[in-house]
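The next block holds one structure in the form of structure tokens; read it before the comments.
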2 protein chains.
Amino acid sequence: MDVLKSEIINKSLSPETPERLLEAAGEVFAEKGFRNATIRDICKRAGANIAAVNYHFGDKEHLYIEVIKYAHRTLVKYQTDLGLDDNASAEERLKAFIMSFLLRIHEDGSPAWHGKLMLRELTEPTRALDTFVEDTIRPQFNLLNSIVKEVIGNEATIQEVRASSFSIIGQCLFYFHAMPVINRLVPQQKFKVKDIERLAEHISRFSLTALRNRDEGEEKYR
Amino acid sequence: MDVLKSEIINKSLSPETPERLLEAAGEVFAEKGFRNATIRDICKRAGANIAAVNYHFGDKEHLYIEVIKYAHRTLVKYQTDLGLDDNASAEERLKAFIMSFLLRIHEDGSPAWHGKLMLRELTEPTRALDTFVEDTIRPQFNLLNSIVKEVIGNEATIQEVRASSFSIIGQCLFYFHAMPVINRLVPQQKFKVKDIERLAEHISRFSLTALRNRDEGEEKYR
DNA sequence: AAATGTATCAAACAATTGTATGAATGTCAA
DNA sequence: TTGACATTCATACAATTGTTTGATACATTT
């Protein structure tokens, strides 16, 4: 409603329904997956008619593609502002990266479905994954790689850097993928913002000590 | 009704069709998920009639439950024999654990669908997850915890031990969850048995150095 | 006011789904 | 053989799905 004023300048007069459809479809797709999501459910949540999807987006698949784009659009807003100064050390930047990663994935706030949808694309990829990897994931991966390389030192091979990055991402993603199992294994553990911070602390410590003492492991195992 | 009775009493008479159904259903469920899997597809792969599922298992949901049990039955066979002697060090046991974990998850052999099905249960749990956690996952988790505690030392709190175990499992699971993304990020990387071994080597090194130098991280961050 | 084009609506369509049914086939004991 | 039983088969059914259609309401322009 607030943004309606600025949007009116553009072409058509009804920007509301498509946006409501995108938001509702995002929730449903994230929750049920592409095929289990029904157009009727989406339209019902959006307060729109059953024919609205076909009218505004053509068909279900095109709606999904637009949802992915929509999610990507709002995700890039989040991931830029880490709030750390330019001359921060690699260690600090790594910790900020992990914290940001965890928060972005674990948000219970308004755009909660973005993360779930991303997870679905990771696990059961659709045609949308290719552009998703190139536009969203690879930049993040490159950023993490550069941080890791700086912590390890310049003697690290690209393979070692990548493997270490995967180790870090894997630790973060675990708390997202395996949530139902975690809740059953350790029922008393909660995941409020405070706990996420503690989690980021642990992963940072774990990873940083592993990276800094890499030479020790090397001489031990080579 | 009499379906269950007959299934129990003389299973020696016609063990073929139910078993073929379980095997085919395992593949399809793992590949498509519960709701996207069609009975027609399952029966077709099993070389059985469309009515076979309803006859032998009642309905689709009971078939799924039996598939989970069936998968669990064959999984426990794999996970016991790690092939390490009794007086092995904690470090060696950790490495063996990781290697076994990765191999079990990454097998391209005959029972390839067990892992995928497990992943589906992790991500989108059904009623079968509860018993699955208690019977299969928790014992493994306890085993890993004991190993980690031995590496760190007795001064470690239970929370630290658990978090470290999660860090290790997370690294392993990542190469299972995010495979489509990994293939796009690093297309040249292959995952033959040889590569799995190298992977286990990396995760072991990464985790062991993190665990052994835990005190360093502590004084740095506390 | 009339005309035009856009958006929404209820209803119906064809395809696919899980499930049920009754006949046909096979098996084995009496 | 006959008869009882378990199994398999083709077919049908009801429910749900994505999609289409034609009528209707609304806003802007002529």
Side-chain angles (χ1 to χ4, degrees), chain A residues 1 3-29 31-68 124 126-128, chain B residues 1-29 31-68 126-128:
Chain A
M1 292 294 191
V3 283
L4 189 81
K5 203 173 173 183
S6 56
E7 298 275 342
I8 270 187
I9 312 173
N10 278 7
K11 41 200 174 168
S12 60
L13 277 187
S14 65
E16 270 206 38
T17 307
E19 180 131 354
R20 286 206 319 273
L21 281 175
L22 284 177
E23 200 65 38
E27 297 177 12
V28 180
F29 281 141
E31 196 174 314
K32 312 261 183 101
F34 175 76
R35 209 176 145 195
N36 291 351
T38 73
I39 287 190
R40 279 170 177 80
D41 187 11
I42 292 173
C43 291
K44 195 174 179 181
R45 293 203 202 189
N49 188 267
I50 313 181
V53 165
N54 284 272
Y55 180 77
H56 289 284
F57 296 95
D59 59 4
K60 191 182 177 184
E61 182 159 348
H62 282 81
L63 170 64
Y64 183 79
I65 294 178
E66 291 304 317
V67 167
I68 293 287
E124 27 188 311
T126 69
R127 276 186 275 283
Chain B
M1 346 261 184
D2 48 10
V3 177
L4 298 180
K5 209 184 302 177
S6 63
E7 216 268 327
I8 296 177
I9 292 180
N10 55 2
K11 58 179 179 181
S12 58
L13 271 189
S14 63
E16 273 208 28
T17 306
E19 180 132 355
R20 285 205 321 271
L21 280 175
L22 284 177
E23 200 65 39
E27 296 177 12
V28 180
F29 280 141
E31 196 174 313
K32 312 260 184 100
F34 175 76
R35 204 171 150 202
N36 290 352
T38 73
I39 289 190
R40 280 169 176 81
D41 187 11
I42 292 173
C43 291
K44 196 174 178 182
R45 291 202 204 189
N49 187 268
I50 314 181
V53 165
N54 283 273
Y55 179 76
H56 288 284
F57 296 95
D59 58 4
K60 191 182 177 183
E61 183 160 348
H62 282 80
L63 170 64
Y64 183 79
I65 294 177
E66 291 304 318
V67 167
I68 293 286
T126 68
R127 279 186 271 284

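Proteins come first, then strands; the chains are lettered A, B, ... in the order of their sequence lines, and each starts at number 1. The figures here come from the full heavy-atom set of this structure, side chains too, leaving out hydrogens, waters and symmetry mates.
Shortest non-hydrogen contact noted between B/A37 and B/K60 is O-NZ, 2.7 Å. Nearest heavy atoms, A/A24 versus A/R45: CB-CB, 3.9 Å.
Between the CZ atom of B/F57 and the C1' atom of C/dG18 there is a distance of 16 Å, given to the nearest Å. What separates OH of B/Y55 from P of D/dT8 is a distance of 7 Å, to the nearest Å. Spacing between atom CG of A/L21 and atom C1' of C/dT8 amounts to 12 Å, rounded to whole angstrom units. We find that NZ of B/K44 is positioned 15 Å from P of D/dC9, with the value rounded to whole Å. Here the C1' atom of nucleotide C/dT8 and the CZ atom of A/R20 are 11 Å apart, to the nearest Å. In this structure, CG of B/N54 is placed 10 Å from P of C/dG18, rounded to the nearest angstrom. Rounded to a whole Å, the CD1 atom of A/I42 is 11 Å from the P atom of D/dT19. With rounding to whole Å, A/N36 atom CG is found 13 Å from D/dT16 atom C1'.
For A/H56, no side-chain nitrogen or oxygen approaches OP1 or OP2 of C/dT6 to under 4.0 Å. B/T17 has a side-chain polar atom (N or O) that falls below the 4.0 Å cut-off from OP1 or OP2 of D/dT8.
If you check C/dT8, D/dT7, C/dT19 against the side chain of B/I50, the one that comes closest is C/dT19. Relative to the side chain of B/R35, the nucleotides D/dT17, D/dA6, C/dT19 differ in distance, and D/dT17 lies closest.
Positionally, the nearest nucleotide of DNA chain C for A/G47 lies more toward the 5' end than for the other of A/R40 and A/G47. The nearest heavy atom of DNA chain D to A/I39 and to B/A52 marks one nucleotide each, and the one closer to the 5' end goes with B/A52.
Atoms CD1 and CD1, from A/I50 and A/I42 in turn, are 12.5 Å apart once rounded to the nearest 0.5 Å.
A search for side-chain hydrogen bond (donor to acceptor under 3.5 Å, both in side chains) contacts involving A/N36 returns nothing, not counting sequence neighbours. For A/N49, there are no side-chain hydrogen bond (donor to acceptor under 3.5 Å, both in side chains) partners, not counting sequence neighbours.
Between A/F34 and A/F29, the ring planes are parallel. Angles under 30° get that label, and only those over 60° would be called perpendicular.
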| request: Would you please test A/D41 and A/K32 for side-chain contact (heavy atoms from CB on, under 4.5 Å) and show each step? | output: CA-CA 11 Å; A/D41 187 11; A/K32 312 261 183 101; 3.7 Å; yes
Where do N or O atoms of nucleotides 21-25 of chain D meet protein N or O atoms at under 3.5 Å, pair by pair?
none

